[in-house]
Number of protein chains: 2
Amino acid sequence: MAELRSKPPAPADDGDAANFCSTCVFGTVCAAHDVDKIALSELHFLVEHIGPFRAGSHIFRTGEPFKAIYAVRSGVVKTVYAGSAGREYIAGFHLPGEVIGLAAIHEQRFPCDAIAVDTAYLCRFEFRTLATLTTRLPQVQAELFRLLSKDIGSATVLAGEPAADERLAAFLLGLSRRLAARGFSARVFRLPMVRRDIANHLNLAPETVSRVLRRLHDQGWIRVLDRQIELLRPDELARLAGALLPVPQVRR
Amino acid sequence: MAELRSKPPAPADDGDAANFCSTCVFGTVCAAHDVDKIALSELHFLVEHIGPFRAGSHIFRTGEPFKAIYAVRSGVVKTVYAGSAGREYIAGFHLPGEVIGLAAIHEQRFPCDAIAVDTAYLCRFEFRTLATLTTRLPQVQAELFRLLSKDIGSATVLAGEPAADERLAAFLLGLSRRLAARGFSARVFRLPMVRRDIANHLNLAPETVSRVLRRLHDQGWIRVLDRQIELLRPDELARLAGALLPVPQVRR
DNA sequence: CCCAGGGCTTGACCTGGATCAATGCATGCC
DNA sequence: GGCATGCATTGATCCAGGTCAAGCCCTGGG
């Protein structure tokens, strides 16, 4: 498994006056031809590059007043909800190009913590300004609607209380596909988070994660070396995951 | 328990040229003073009243192209996702004033079925028209953002995989509060759905729902007669539910 | 160098809730 | 009326995964 990338990818490009970061969620807007150029430059102007956040440090905290949404530029960020009895629940891991903070619009406070899993850089979008801008940039409004809508179903994945194997298969495959959509290898990748976090996110005990990984390995469907993962039989994993994960998104 | 309402509430009011239905999600928009009256009348014009849908009939189906969002006017509607292996999962029950279909924006197809639980009337909002309108009506845009954002966290409730008792407590209390927010009794109400649906929604077996209801009853916290429910100790239920249900919303 | 601490794995045991099965009780249909 | 159907409840059994415990390996610090 020497071919595995052992270090995180090179620092994200920062975009320039004319173009946003290549991974940016608003990339499509930027690429469109009929966009009001002045408004577009305003959108660009409103973006604030922030970071680095070291592993474990907060981007925002539960209860903080909602001021902005954030797009991950590089690194990985987890969103953590406080559960009952001091437990916490990791709702998701967010890769470069993904947006966090949208759930805060409703109550105007963040309902969860956002914590860097490894060193992370983000883009910050002041929300009031963004919302004003969208009245002049219908494409951006549409994109925002899309982003919000996308997040609605996301938690539904665990809803059927699938078996541990199905959860893990869906998790690995989902990660693989999201990485692939951002230009990384779909077959071979590195888990950025510790087992405990995977377990928490999937509502399993860390021990169970270990056991299932071993089971999948013994069946010859994956190779595991520490946090390095190789998917040998994504087809079998997909069969296992069943309807859990979204359609093999042909994004954009 | 003779005081229990044994029939569903009177038919919802239909609003008039100047005001929307009293339960309508866009009620606040309507009440605002500084709204562009012409645009507002357009919003009203765009609403289409549909129904009745008899119990079991579809408002929309999984995979259908997304054309509109819907607000429940009266009755109760469930949203059902197809799970793996032919199972289905009930993501939520939607009361009058609540909006369904928002999750379809992302893929431009409905990701779930919407099925009437009892006789239901709805309002239909053509989405393209609505989205165009929002560029002139910032309040409506903000309301849409709020609605979308609200739905993001909703599935997170089951995320911690709480015990059966906690789930049921949270479910009953949540229902009670949502009903109260719409002017019904918070203490005494009628479950509109069968046990099987409750079980499915909470990821429990119907037998477990029965047993837990009995347990809560034996502790003197609720009274159950068929689908009639009386909450005797909402405080205890809230303690049980813990952090599962949202803060006792002071809505708007 | 040794040691401490954390992440990961593996084994042994236990339990909450699923599953299977039977019964009671409505409602609707012929 | 008599029967079928479907909902609800209760009892008996089973198992997936949680919990507890032990051991391994790696890294970093004194």
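Keep in mind that this is a model prediction, so the values were computed, not measured. We name chains A, B, ... by the order of the sequence lines, and we start the count at 1 in each one. Both backbone and side-chain heavy atoms feed into the values below; hydrogens, waters and symmetry mates do not.
Regarding B:Asp197, its CG atom lies at a distance of 9 Å from the P atom of D:dA8, rounded to whole Å. For the pair B:Leu168 CG and D:dA8 P, the computed distance is 13 Å after rounding to whole Å. Rounded to whole Å, atom C1' of C:dC8 lies 16 Å from atom CZ of A:Arg215. Between A:Leu202 atom CG and D:dA16 atom P there is a gap of 19 Å when expressed in whole angstrom units. What separates CG of B:Leu225 from C1' of C:dA26 is a distance of 13 Å, to the nearest Å. Protein atom CG of A:Leu191 is 10 Å distant from nucleotide atom P of C:dT9, rounded to whole Å. Atom CZ of B:Arg196 and atom C1' of D:dG6 are 8 Å apart (whole Å). When rounded to the nearest whole Å, the span between CG of B:Asn200 and P of D:dA8 equals 13 Å.
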Original post:
Please walk me through it: do B:Glu98 and B:Arg178 pass side chain to side chain contact (heavy atoms under 4.5 Å, CB included)?
Top reply: CA-CA 10 Å; B:Glu98 297 176 344; B:Arg178 286 155 66 204; 2.9 Å; yes
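Panel note: side chain B:Asp113, backbone B:Val80; no donor-acceptor pair is recorded below 3.5 Å. Of the possible polar contacts, one joining the B:Ser149 side chain to the A:Ala103 backbone as a donor-acceptor pair under 3.5 Å is found. A distance-only check finds no donor-acceptor pair linking the side chain of A:Asp151 to the backbone of B:Ile152 [under 3.5 Å].
OP1 or OP2 of D:dT10 lies within a sub-4.0 Å distance of a side-chain N or O belonging to B:Arg214.
Residue B:Arg227 is classed as a sugar-phosphate contact, given heavy-atom separations below 4.0 Å to backbone atoms only.
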Check nucleotides 18-20 of chain D for protein N or O atoms closer than 3.5 Å to its own N or O atoms and list the pairs.
{"residue": "D:dG18", "atom": "OP1", "partner": "A:Asn203", "partner atom": "O", "Å": "3.3"}
{"residue": "D:dG18", "atom": "OP1", "partner": "A:Ala205", "partner atom": "N", "Å": "3.4"}
{"residue": "D:dG18", "atom": "OP2", "partner": "A:Ala205", "partner atom": "N", "Å": "3.1"}
{"residue": "D:dG18", "atom": "OP2", "partner": "A:Thr208", "partner atom": "OG1", "Å": "2.3"}
{"residue": "D:dT19", "atom": "O4", "partner": "A:Arg211", "partner atom": "NH2", "Å": "3.0"}
{"residue": "D:dC20", "atom": "N4", "partner": "A:Glu207", "partner atom": "OE2", "Å": "3.0"}

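Under the 30°/60° scheme for interplanar angles, the aromatic rings of B:Phe93 and B:His201 are found to stand perpendicular.
Side chains of B:Leu168 and B:Leu237 form no contact here, defined as non-hydrogen atoms less than 4.5 Å apart.
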